[in-house]
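First up is the structure itself, then whatever we jot down about it.
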Amino acid sequence: MDEQKWIMHILAGDTQSFSCLVAKYEKMAYTIAFRILENREEAEEVVQDAFVKMYRALPDFQFESKFSTWFYRIVYRTALSALRQQRNFADYEEAGATDLTMAEMDAASSILEREDRKEIISGVLKKLPADESLLLTLYYLEECSVDEIRQITDLTASNVKIKLFRGRKHFYETLQKMMKQEVSDLL
């Protein structure tokens, strides 16, 4: 069943359809919340709050955008609100990144070909600033377009592109540091 039918069934009072919608989106909702809050329990609470907000706002959803984009925006805003309430909101300063050579980027990419690449990717994403980690997750893992990310985060399209560029650069730099550490641990 497609999302539009699920939503129509939910609005008619079908709780089973709501369960299906929750099952489909809870993992990425949690990922978004966790990337922002960096705390499992708080992320779970934000996801629950976001589903409640989504349920209450569902009658107003006009199908002008993808449902996932609309819902992830709710998750994103709910997580940011929770972050502000904790007074842990910090500005991320631009790191002085050095330009990587193609050989270094190739070396960093080659480590991802190993069997445990998901674990490595997750580890690198955890070391990045939350905003970069979130954007890279949405773009590469959730395959959201720049426009969808713009809608979710309220950033401009050019700002999304800049943050993705910086995020990729920081990702490769962090991966390179991890590789160097791994090599030195082996020696």
Side-chain angles (χ1 to χ4, degrees), residues 25-40 42-44 46-47 50 65-84 86-183:
Y25 292 106
E26 68 183 334
K27 185 176 180 184
M28 182 50 62
Y30 173 79
T31 300
I32 291 169
F34 184 78
R35 295 279 186 244
I36 293 170
L37 298 166
E38 298 177 343
N39 180 292
R40 183 182 326 177
E42 292 168 9
E44 289 170 354
V46 161
V47 170
S65 64
K66 286 174 50 178
F67 175 80
S68 60
T69 302
W70 179 76
F71 176 59
Y72 294 155
R73 183 180 180 128
I74 292 171
V75 174
Y76 178 78
R77 287 183 170 178
T78 305
L80 286 181
S81 293
L83 193 60
R84 278 187 216 105
Q86 298 168 1
R87 300 175 195 256
N88 289 336
F89 194 82
D91 292 328
Y92 296 107
E93 295 185 21
E94 185 177 338
T98 59
D99 290 336
L100 300 175
T101 66
M102 286 303 291
E104 290 170 326
M105 290 177 79
D106 288 344
S109 296
S110 69
I111 196 171
L112 296 177
E113 294 174 5
R114 293 192 341 208
E115 189 176 30
D116 56 350
R117 70 179 168 190
K118 285 184 182 179
E119 186 178 316
I120 293 168
I121 291 170
S122 179
V124 173
L125 287 173
K126 286 178 185 175
K127 292 182 179 195
L128 296 178
D131 60 339
E132 291 177 0
S133 177
L134 172 66
L135 293 179
L136 290 173
T137 299
L138 288 172
Y139 190 75
Y140 289 105
L141 302 180
E142 186 61 20
E143 298 180 2
C144 290
S145 67
V146 169
D147 189 54
E148 289 170 332
I149 295 171
R150 180 192 60 76
Q151 291 174 34
I152 292 168
T153 62
D154 279 336
L155 297 170
T156 64
S158 60
N159 202 350
V160 169
K161 290 175 185 176
I162 289 167
K163 287 181 177 277
L164 282 171
F165 175 79
R166 288 181 188 151
R168 282 190 290 268
K169 201 170 195 177
H170 290 150
F171 181 91
Y172 281 115
E173 289 170 351
T174 304
L175 181 60
Q176 185 179 32
K177 287 177 187 173
M178 288 175 66
M179 287 174 37
K180 287 180 181 177
Q181 183 61 43
E182 190 173 304
V183 168

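These numbers come from the heavy atoms of this one structure, side chains and all, not from hydrogens, waters or symmetry mates.
- Checked by atom type and distance alone, the side chain of Thr78 never pairs as donor or acceptor with a backbone atom of Val46 at under 3.5 Å.
- Pairing each heavy atom of Ala79 with each of Leu37, the nearest pair is O-CD2, 3.6 Å.
- In this structure, Lys161 NZ and Tyr139 OH are separated by 9.0 Å, a value rounded to the nearest 0.5 Å.
- Judged as a salt bridge (charged side-chain N to carboxylate O under 4.0 Å, His left out), not a single pair has a partner in residues 132-145 (not counting sequence neighbours).
- In this structure, Arg77 and Asp154 have side chains that are in contact, with non-hydrogen atoms separated by less than 4.5 Å.
- Atom CD1 of residue Ile74 and atom OG1 of residue Thr69 lie 11.5 Å apart, to the nearest 0.5 angstrom.
- Ile149 contributes atom CD1, which lies 9.5 Å from atom CG of Leu155 (distance to the nearest 0.5 angstrom).
- The nearest pair of heavy atoms linking Tyr72 to Ala29 is CE2-N, 4.3 Å.
- The side-chain heavy atoms of Thr137 and Ile32, taken from C-beta on, include no pair separated by under 4.5 Å.
- Taking the side chain as every heavy atom from C-beta outward, Tyr172 and Val124 never approach each other to under 4.5 Å.
- Scanning both residues, Leu136 and Gly167, for their nearest heavy atoms gives CD1-O, 3.5 Å.
- Taking both residues in full, the closest heavy atoms of Val47 and Ala33 are given as CG2-CB, 4.1 Å, listed atom of the first, atom of the second, then distance.
- Once rounded to the nearest 0.5 Å, the distance linking CZ of Arg73 with CZ of Arg150 reads 8.0 Å.
- Taking NE2 of His170 as the reference point, atom OG of Ser133 lies at 13.0 Å (rounded to 0.5 Å).
- Here the side chains of Asp131 and Leu135 are not in contact, with every heavy-atom distance at 4.5 Å or above.
- Two residues are said to be in side-chain contact when any heavy atoms from C-beta on lie closer than 4.5 Å; Tyr30 and Arg40 meet this criterion.
- Pairing each heavy atom of Val146 with each of Ala157, the nearest pair is CG1-O, 3.8 Å.
- Between Glu38 and Leu128, the closest heavy-atom pair is OE2-O, 4.3 Å.
- In this structure, the separation between NZ on Lys126 and OG1 on Thr174 is 14.0 Å, given to the nearest 0.5 Å.
- In this structure, Phe67 and Phe71 have parallel ring planes: the angle between them is below the 30° cut-off, well short of the 60° mark.
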